[in-house]
Colleague: 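Mind looking over this structure? Questions follow.
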Amino acid sequence: MEIAVRTAQSEPSRIKSLLEQELGFGRIFADQMFCMRYTEGTGWRDPEIVPYGPLPLMPSAMVFHYGQEIFEGQKAYRRADGRIAMFRPEANAARFNSSARRMVMPEIPVDVQVRATLQLVGCLREWVPEPPSALYIRPTMIASEAALGVRPAKEYIYFIIGSPVGPYFPKGFAPVRVKAEGHYVRAAEGGTGAAKTGGNYAGALRAQTDAKNEGYDAILWLDAKHHRYIEEIGAMNILFVFEGKLITSPLLGTILPGITRESLLRMARDEGRPVEERRMSIEEVTAGIEKGTLTEAFGAGTAAVVTPIGTIGWAGKDYVIGGNKPGPFTQHIYDTLTGIQCGKVKDPYGWVRTIE
Ligand code: PLP
Ligand code: COI
């Protein structure tokens, strides 16, 4: 597959001044994007890197009506040696295909996705800010066929855009307040919780908005059947240090199988820390906080990296973890992961792909 490059390189001084402002998360967009199209029977065609700009879509395009859409999130990091690095891009590509199967959308071979990503990031190298900021990469597929029947579309657009980002939570590596949600649910068994599809996020907005109005930063989702078992946070998985063990929800189909989550579990096991993937109820968590046996909690995800959780709100009460300070394991795993991503810590796993 030959990728046609149909844009000129951006003016480095213009990009530099854009990167000097407060980046926030997903507010500024790099000026080139990757795009290709799919038609049933013909397959994927016209892979190209083009100027970032509007997509021509009919108002009847199926994505607008029934939400047939999937996406990914990954980051390109600027290393001290000036090279740009991606973290486990094959894992994101594999998860994209798994989301595609769930949403009856066409898969894209992993090597094609990775090549498209690396080539785009190569074009956008000037857009990669210094750590802890990074260039967030958002591969997306939408149903573009103009039709209103409820069925899988026959035409799709796949695009990849880039956005220089600072921390996902404005306070950076500082403890956040999450609200355990006892009424609304994010995903039920048999649903789409394990797919990275827009509807999961749209369905979460009511609870998220209410929680923000109550002074929380994010929702901690509980399982849909019992409204008891911890699942994940709005845009990240959750891990606990409980009785010295690292504990996180198992992958039972309702949570997103996070690449950060999996990487941290592997690193912790290799350091000799006991790791358990098991269900924990909100009662067990709050009792552990009160007894002092649950010493740390943190979120893990590409956008949020490792985010300490200082408070869990449940049933009208706030439970404060570890004196509302990042715990020692949280700090250590944050330093190690970001060190590997930025080339400051040796990568024994072969996770990092540098772009020459
Ligand atoms: N859970 C949800 C709902 C997410 O949106 C994300 C972010 O991608 C994650 C977990 C963490 O996944 P990853 O570590 O692969 O970024
Ligand atoms: C990511 O971490 O990549 C995410 O997708 C979070 C996001 C929904 C902002």
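First listed ligand is number 1; within each ligand, the first listed atom is number 1.
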Colleague: To the nearest 0.1 Å, how far is atom 8 (C) of ligand 2 from its closest protein heavy atom, and which atom is that?
Modeller: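 It is Tyr201 CE2, 3.6 Å.
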Colleague: Within the 4.0 Å heavy-atom shell around Gly258, which atoms of ligand 1 are there?
Modeller: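 The list of qualifying atoms is 12 (O), 13 (P), 14 (O), 15 (O).
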Colleague: Using a 4.0 Å cut-off to any heavy atom of Ala300, which atoms of ligand 1 qualify?
Modeller: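 Going through ligand 1 atom by atom, the ones under 4.0 Å from Ala300 are 11 (C).
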Colleague: Evaluate the criterion side chain to side chain donor-acceptor pair (under 3.5 Å) for residue pair Tyr201 and Gln208; output intermediate values, then yes/no.
Modeller: CA-CA 10 Å; Tyr201 299 80; Gln208 184 186 305; over 6 Å; no
Colleague: When you compare ligand 2 with Phe25, is there at least one nitrogen or oxygen pair between them that comes in under 3.5 angstrom?
Modeller: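 For ligand 2, there is no N or O atom that lies under 3.5 Å from one belonging to Phe25.
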Colleague: Is the closest basic N to carboxylate O distance between Arg83 and Asp81 below 4.0 Å?
Modeller: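 Answer for the salt bridge query: yes.
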Colleague: So, Lys317 and Glu290, do they make that salt bridge, N to O below 4.0 Å?
Modeller: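 Between Glu290 and Lys317 there is a salt bridge, with a charged N closer than 4.0 Å to a carboxylate O.
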Colleague: Considering only protein heavy atoms, which is closest to atom 6 (C) of ligand 2, and at what distance to one decimal place?
Modeller: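 Here the closest protein heavy atom is Ala235 CB, 3.5 Å.
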Colleague: Checking the side chain of Gln32 only, and the main-chain atoms of Thr7 only, is there a donor and an acceptor separated by less than 3.5 Å?
Modeller: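 No.
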Colleague: Of the listed options (Gly301, Ala303, Ala204, Gly299), which comes nearest to atom 2 (O) of ligand 2 when hydrogens are ignored and any heavy atom counts?
Modeller: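 Result: the heavy atom closest to atom 2 (O) of ligand 2 is in Ala303.
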Colleague: Can you find an N or O of Ile259 that's nearer than 3.5 Å to an N or O of ligand 1?
Modeller: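 By distance alone, the answer is yes.
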Colleague: What do you reckon, does Glu72 put a non-hydrogen atom under 4.0 Å from ligand 1?
Modeller: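 Contact check Glu72 vs ligand 1: negative.
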Colleague: Between Thr39 and Glu155 (side chain of the first, backbone of the second, donor and acceptor by atom type, cut-off under 3.5 Å), is there such a pair?
Modeller: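 Judged by distance alone, no pair lies under 3.5 Å.
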Colleague: If we ignore hydrogens and angles and just use 3.5 Å, is the side chain of Asn97 paired with the main-chain N or O of Ile108 as donor and acceptor?
Modeller: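 Indeed, once roles are kept as given, a pair shorter than 3.5 Å links the two residues.
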Colleague: Examine distances only and state if a side-chain atom of Ser249 and a backbone atom of Ile230 form a donor-acceptor pair shorter than 3.5 Å.
Modeller: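 Yes, the answer is positive, given that a donor and an acceptor are paired below the 3.5 Å cut-off.
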Colleague: Indicate whether the side chain of Thr192 and that of Arg102 have a donor and an acceptor atom separated by less than 3.5 Å.
Modeller: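 Side chains of Thr192 and Arg102: no pair found under 3.5 Å.
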Colleague: Which atoms of ligand 1 have any heavy atom of Lys196 under 4.0 Å away?
Modeller: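 Selected atoms, number and element: 4 (C), 5 (O), 6 (C), 7 (C), 8 (O).
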Colleague: Heavy-atom contacts with Thr302 under 4.0 Å: which atoms of ligand 2 show up? List them by number with element.
Modeller: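 Counting from 1, the qualifying ligand atoms are 2 (O), 3 (O).
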Colleague: Which residue owns the protein heavy atom closest to atom 16 (O) of ligand 1, what's the atom, and how far is it?
Modeller: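 I find the closest protein heavy atom is Thr302 OG1, 2.6 Å.
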Colleague: Can you find an N or O of Tyr136 that's nearer than 3.5 Å to an N or O of ligand 2?
Modeller: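 Between Tyr136 and ligand 2, an N or O pair is found under 3.5 Å apart.
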Colleague: If you group Ile, Leu, Val, Met, Phe, Trp and Tyr by side-chain heavy-atom gaps below 4.5 Å, do Val241 and Ile333 land in one group?
Modeller: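 Same cluster.
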Colleague: At the 4.0 Å heavy-atom cut-off, does Gly234 count as touching ligand 1?
Modeller: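 So Gly234 counts as touching ligand 1.
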Colleague: For atom 14 (O) of ligand 1, what is the nearest protein heavy atom, given as residue, atom name and distance?
Modeller: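 For atom 14 (O) of ligand 1, the nearest protein heavy atom comes out as Thr260 OG1, 2.5 Å.
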Colleague: Does Gln74 have a non-hydrogen atom less than 4.0 Å from ligand 1?
Modeller: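 No, Gln74 has no heavy atoms under 4.0 Å from ligand 1.
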Colleague: State if Lys196 counts as touching ligand 2 under the rule of any non-hydrogen atom under 4.0 Å.
Modeller: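 Judged by the 4.0 Å heavy-atom criterion, Lys196 does count as contacting ligand 2.
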Colleague: Is there a chain of hydrophobic side chains (I, L, V, M, F, W, Y, each step under 4.5 Å between heavy atoms) that links Tyr77 to Val305?
Modeller: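 Yes, because Tyr77 and Val305 connect within a single hydrophobic cluster, where side-chain heavy atoms sit under 4.5 Å apart.
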Colleague: Could you tell me whether Arg273 and Glu271 make a salt bridge, using a distance below 4.0 angstrom between a side-chain N and a carboxylate O?
Modeller: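 Result for this pair is no, no salt bridge flagged.
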Colleague: For ligand 1, which atoms, with element, lie under 4.0 Å from some heavy atom of Arg186?
Modeller: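 Those of ligand 1 that fall under 4.0 Å from Arg186 are 3 (C).
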Colleague: Closest non-hydrogen protein atom to atom 9 (C) of ligand 2, residue and atom name please, with distance?
Modeller: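 Looking only at protein heavy atoms, the one closest to atom 9 (C) of ligand 2 is Tyr168 CE1, 3.5 Å.
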Colleague: Report yes if the side chains of Tyr319 and Trp314 come closer than 4.5 Å at any heavy-atom pair, otherwise no.
Modeller: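 Yes - at least one pair of side-chain heavy atoms lies under 4.5 Å apart.
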Colleague: Are the side chain of Lys75 and the backbone of Ile137 linked by a donor-acceptor contact shorter than 3.5 Å?
Modeller: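 Judged by distance alone, no pair lies under 3.5 Å.
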Colleague: Nearest protein heavy-atom contact for atom 5 (O) of ligand 1: which residue, which atom, what distance?
Modeller: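 Checking every protein heavy atom, the shortest distance to atom 5 (O) of ligand 1 gives Tyr201 OH, 2.5 Å.
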Colleague: Which of the numbered atoms in ligand 1 are under 4.0 angstrom from any heavy atom belonging to Asn237?
Modeller: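 Listed by number with element, the hits are 10 (C), 11 (C).
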Colleague: Identify the closest protein heavy atom to atom 2 (C) of ligand 1: which residue and atom is it, and at what distance?
Modeller: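 Ranking protein heavy atoms by distance from atom 2 (C) of ligand 1, first comes Glu232 OE1, 3.4 Å.
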Colleague: Only heavy atoms count here, so choose which of Gly301, Ala235, Ala204 is nearest to atom 6 (C) of ligand 1.
Modeller: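 Minimum heavy-atom distance to atom 6 (C) of ligand 1 goes to Ala235.
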